[in-house]
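Sequence positions, counted from 1, serve as the residue numbers for this chain. As the structure is a computational prediction, the values presented were derived from the model and not from experiment.
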Amino acid sequence: HLAEAIRRLAKTLGTSKTSLHHMIEEVLGATNNYLDRVSALAELPEPNKLQLKKVITPLRAELSRV
């Protein structure tokens, strides 16, 4: 659902498919090591780390389908 919503928004805003794909690549690149960074946070409780991992993994997968 997210991928389709992003495509619709980009179309509404007049963003080209090429520009959209570049933006998505940038976002995915910037968050590529996010799970490692979350795991390395010593002060963050383990349940919070697990929750963040549950959220980011499917979100990144959905973004990769844009």
Side-chain angles (χ1 to χ4, degrees):
H1 298 85
L2 177 63
E4 181 57 33
I6 290 172
R7 284 191 291 269
R8 283 193 315 265
L9 177 62
K11 184 177 180 180
T12 299
L13 295 175
T15 303
S16 71
K17 287 182 182 182
T18 301
S19 292
L20 176 60
H21 287 284
H22 286 300
M23 286 186 266
I24 295 299
E25 287 175 11
E26 186 176 344
V27 167
L28 290 174
T31 61
N32 190 41
N33 65 346
Y34 181 79
L35 295 177
D36 294 333
R37 293 184 353 229
V38 167
S39 294
L41 295 172
E43 296 177 9
L44 188 64
E46 195 62 32
N48 296 59
K49 291 179 185 181
L50 293 173
Q51 182 61 33
L52 286 170
K53 290 176 185 180
K54 277 192 212 180
V55 171
I56 195 65
T57 301
L59 182 61
R60 285 180 47 80
E62 185 74 19
L63 284 174
S64 69
R65 290 191 283 270
V66 170

| said: Could you measure the distance from the CG atom of L20 to the CG atom of L13? Nearest 0.5 Å is fine. | reply: 10.0 Å
| Can you find a pair of side-chain heavy atoms, one from N32 and one from R60, that are under 4.5 Å apart? | yes
| query | Taking a hydrophobic cluster as the set of Ile, Leu, Val, Met, Phe, Trp and Tyr residues connected by side-chain heavy atoms closer than 4.5 Å, whether directly or through intermediates, do V66 and L9 fall within one such cluster? | reply | no
| query | Say you draw a straight line from CZ of R7 to NZ of K17; how long is it, rounded to the nearest 0.5 Å? | reply | 9.0 Å
| said: Membership question, hydrophobic clusters at under 4.5 Å side-chain separation (ILVMFWY): are M23 and L2 in the same one? | reply: no
| For E46, does the CD atom sit with more than 12 other heavy atoms under 6.0 Å from it, leaving out its own atoms? | yes
| request: Step through the shown structure and confirm whether more than 12 heavy atoms of other residues, nucleotides or ligands are within 6.0 Å of NZ on K53. | output: yes
| query | Do L63 and T31 touch side chain to side chain, with heavy atoms closer than 4.5 Å? | reply | no
| remark: dist R65:CZ -> I24:CD1 (nearest 0.5 Å) comes out at 12.0 Å
| said: Same cluster or not: I56 versus L50, using hydrophobic residues (I, L, V, M, F, W, Y) connected whenever any side-chain heavy atoms lie under 4.5 Å apart? | reply: no
| task | In sequence, state the C-alpha distance, the side-chain angles, and the governing distance for L44 and L52, and then conclude on side chain to side chain contact (heavy atoms under 4.5 Å, CB included). | result | CA-CA 11 Å; L44 188 64; L52 286 170; 3.8 Å; yes
